> 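Just dropping this structure here.
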2 protein chains.
Amino acid sequence: MTATAPQTSPRKRASNGTARRIDADEIGLDALVGHAGYAVRRFQIWIFQDFIRTLGAVDIRPTQYSVLTVIGANPGLSQMAVAKRLGIERARLVHLLDSLEQRKLVKRVKSKADRRSHALHLTVQGETALAKFKRLAAEHERHVEAKIGKENRAQLLRILAGFT
Amino acid sequence: MTATAPQTSPRKRASNGTARRIDADEIGLDALVGHAGYAVRRFQIWIFQDFIRTLGAVDIRPTQYSVLTVIGANPGLSQMAVAKRLGIERARLVHLLDSLEQRKLVKRVKSKADRRSHALHLTVQGETALAKFKRLAAEHERHVEAKIGKENRAQLLRILAGFT
DNA sequence: TATTGTTATACTCTATAACTATA
DNA sequence: TATAGTTATAGAGTATAACAATA
């Protein structure tokens, strides 16, 4: 597991006592290669970076996109319902919605049925914007496909279908 | 995509104008179901939570484990080399190492070859501890296997082999 | 001039706890 | 009493920038 290929790039003690550079690709990961979590984490970081870059022009991040999508598909949901469904802390969702409401994408409507809660809706502007975000997100998804392969992406979705 | 199954649990406007509860599992994810990033992110969160729980008794988190494993397999690496290999900011690694050094798991040795840099080594105590951490991490890995299936885990590792 | 380790700052995200207004 | 939304705080983690020592 301990890689020691002969290369050039940080510094390492050589047989003659002088130092040479070590390339990142010759540093062994040892037990990490057997951990799904390590690869999944690195992959997730890559995906988010691509998503943020691809939707950079509209300034929408993954969590914001997921909130808008769920509200768009389920108008009238309460904040608690959205938070639970997406695994976001309700305290965190307050700030996310503050931002989306300031941008006139979402509106909080006082619920008549339960006056403690807010019914969440997209604004007309929000509907239009979300349609654009979805086109960009689809473009991002094609980047994923290009990165790991169409068939592998499909298998990944199948394997992880339970984590929704 | 908009789920509207008849259930019980938050509140939703019913045909008669009164409200009823909505279960999380009847809220449609819409476009999110087609995004690999969504499933990958949820899975990654599950994995990290299980890792943190499984290694809770020894108080080691995923990033700390990855740093210890790489140093253990490549003694003498500089901080820059570890940071680059694992995709950690060098400023962040300083704090991670401060903590691991306080716990006597790692030592920074002044490099003679390049006096700007530190050669990183596990302490004897660190070697022993890492062996235990690896046993617990293997136990965590069995939880992953139990969660998604042995064959699916193997395929996942194969698909994501490039993200290391 | 460039790099290594360090310190510092700001922003995101997670995890809690406590408060209010309702139920 | 319990719940929905809010506010506040603390801890990870990320992203930067700048500095001292050294190359």
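These values consider heavy atoms only, across backbone and side chains, with no hydrogens, waters or symmetry-generated copies. In this text the structure is predicted, and so the values were computed from the model without any measurement. Chain letters run A, B, ... following the sequence lines, proteins first and then strands; every chain starts at 1.
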> Nearest-nucleotide wise, let me know which of A:Ala91 and A:Arg115 is further upstream toward the 5' end of DNA chain C.
A:Ala91
> B:Gln49 has a side chain; which of D:dT7, D:dA15, C:dA15 sits nearest to it?
C:dA15
> Please report the distance, rounded to the nearest Å, between CZ in A:Arg92 and C1' in D:dA8.
15 Å
> Provide, to the nearest angstrom, the distance between the CG atom belonging to B:Leu93 and the P atom belonging to C:dG5.
8 Å
> Given atom CZ of B:Arg116 and atom P of D:dC19, what is their separation to the nearest angstrom?
19 Å
> Identify whether any heavy atom of B:Gln79 sits under 4.0 Å from a base atom; if not, whether one sits that close to sugar-phosphate; answer base, sugar-phosphate or nothing.
sugar-phosphate
> Using every non-hydrogen atom in the two residues, find where A:Ile52 and A:Pro62 come nearest and quote the distance to one decimal.
CG1-CD, 3.8 Å
> Take A:Leu96 and B:Asp98, find for each the nucleotide of DNA chain C with the closest heavy atom, and name the residue whose nucleotide sits nearer the 5' end.
B:Asp98
> Report the distance from atom CD1 of A:Ile88 to atom P of D:dG5, rounded to the nearest whole Å.
13 Å
> For A:Glu89 and D:dT7, what is the distance between atoms CD and C1' respectively, to the nearest whole Å?
14 Å
> Give a yes or no on whether B:Phe48 and A:Ile88 share a hydrophobic cluster (residues Ile, Leu, Val, Met, Phe, Trp, Tyr; joining criterion: side-chain heavy atoms under 4.5 Å apart).
no
> If you find the nucleotide of DNA chain D closest to A:Arg108 and the one closest to A:Arg41, which residue's nucleotide is nearer the 5' end?
A:Arg108
> According to ring-ring contact (aromatic ring centres under 6.0 Å, His included), does anything in residues 122-146 of chain B pair up with another residue at least two apart or in another chain? List the pairs.
B:Phe51-B:His140
> Whole Å only: how far is the CG atom of A:Leu97 from the C1' atom of D:dG5?
10 Å
> Could you check how far NZ of A:Lys84 sits from P of D:dG5, rounded to whole Å?
10 Å
> Is there a donor-acceptor pair under 3.5 Å between the side chain of A:Ser99 and the backbone N or O of A:His95?
no
> What is the distance from CZ of A:Arg90 to P of C:dA15, rounded to the nearest Å?
14 Å
